[in-house]
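Note that the coordinates shown come from a computational prediction; the quantities given were computed from them, not determined experimentally. Both ligands and their constituent atoms are indexed starting at 1 by order of listing.
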Amino acid sequence: LRRDGFSPIPDVKWEDVGGLDLLRQEFERYIVRRIKYPEDYEGLGIDLEMGFLLYGPPGCGKTLIAKAVAHEAGANFIHVKGPSLLNKYVGESELAVRRMFSDARTCAPCIIFFDEVDALTTTRGKEGGWVIERLLNQLLIELDGAERRRGVFVIGATNRPEVMDRALLRPGRFGKLLYVPLPSPDERVLILKALARKKCIDASVDLSAIAKMEACENLSGADLSALMNEAAMAVIDEKETLTDLTHYTRTIKRNHFEVALRKVSPS
Ligand code: ATP
């Protein structure tokens, strides 16, 4: 069995996620509090969804928020990239899916994150589609075993929800659809502030003003992360050009962001 990534509990906190407040609230209700305080949910007869599909443009935090949910819930995290399940010999894909759910049950509470989940369904009916067909059927069997699935949540991510096989989107499977949009100007501010937690930013820098500049329009979270890195690189590059290092500080200033903004554009 080859898994893409089995990591115990991811090290991504809510503070690392900028914006996406509504999503965070939904995941708090549906996963985090349910794992941390199961007694609150008992006896109320609520039938809550265990499967989620995050959809939206690339680089806007789908993977990041899934990891943060696992961290905040104290849940194990199995990260599987959809296409990797397909690169197998006959029968191995189904076995891989069965083992994955079996591992997840063993280490429950657990979140299985299916990145590029659309890859498991798009070529239905095409050449080689039978591999997907069998894999998909196995996945549906595992997803439908609600009793056996206790403590195992699934989160799928896709940039192309329209090509997903409808069968996967039924309640109990990836039943709750959540849109992860391109950030608004205010959300860009929150993302830059979240990213700044791990960087030395000079106190004089106004991140809100930078995030709201025209040059930042349509930048995704991943683009903003690239911007932050370019700005940090500009600090290093600057040192090379200085003959007198008396006033040199290893902090990111406004001029470094200006250099970075010329290099980064919406992906
Ligand atoms: P893809 O569809 O390409 O897989 P994705 O939506 O899963 O993309 P992520 O992998 O979560 O995007 O984001 C890539 C990187 O961009 C993150 O590791 C993080 O550095 C940054 N990022 C994206 N969105 C946010 C956000 N809302 N807050 C903070 N950082 C973000």
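- Between the CG atom in Leu85 and the OG atom in Ser93 there is a gap of 6.5 Å [rounded to 0.5 Å].
- The aromatic rings of Tyr179 and Tyr55 are tilted relative to each other, their planes meeting at an angle between 30° and 60°.
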Next item on the list: Determine, step by step, whether Arg34 and Asp40 satisfy the salt bridge (Lys or Arg N to Asp or Glu O under 4.0 Å) criterion, reporting the C-alpha distance in whole Å, the side-chain angles of both residues, the deciding distance to 0.1 Å, and the verdict.
Entry: CA-CA 8 Å; Arg34 214 154 135 206; Asp40 289 354; over 6 Å; no

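- Ion pairing between a basic and an acidic side chain is recognised when a charged N comes within 4.0 Å of a carboxylate O; Arg262 and Glu258 show no such pairing.
- The local environment of CD in Glu214 is sparse, with at most 12 non-hydrogen atoms from other residues, nucleotides or ligands closer than 6.0 Å.
- Using a 4.0 Å cut-off between charged nitrogen and carboxylate oxygen, Lys176 and Glu26 count as a salt-bridge pair.
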Could you tell me, for ligand 1, which of its N or O atoms are under 3.5 Å from any protein N or O, listing the pairs and their distances rounded to 0.1 Å?
unit_1, atom_1, unit_2, atom_2, d
ligand 1, 2 (O), Lys62, NZ, 3.1
ligand 1, 2 (O), Asn159, OD1, 3.1
ligand 1, 6 (O), Cys60, N, 3.2
ligand 1, 6 (O), Gly61, N, 3.2
ligand 1, 6 (O), Lys62, N, 3.0
ligand 1, 6 (O), Lys62, NZ, 3.0
ligand 1, 7 (O), Thr63, N, 3.0
ligand 1, 7 (O), Thr63, OG1, 2.7
ligand 1, 8 (O), Gly59, N, 2.8
ligand 1, 11 (O), Lys62, N, 3.4
ligand 1, 11 (O), Thr63, N, 3.2
ligand 1, 11 (O), Leu64, N, 2.9
ligand 1, 12 (O), Gly61, N, 3.3
ligand 1, 16 (O), Ala222, N, 3.3
ligand 1, 24 (N), Gly61, N, 3.3
ligand 1, 27 (N), Gly18, O, 2.9
ligand 1, 28 (N), Gly18, N, 2.8

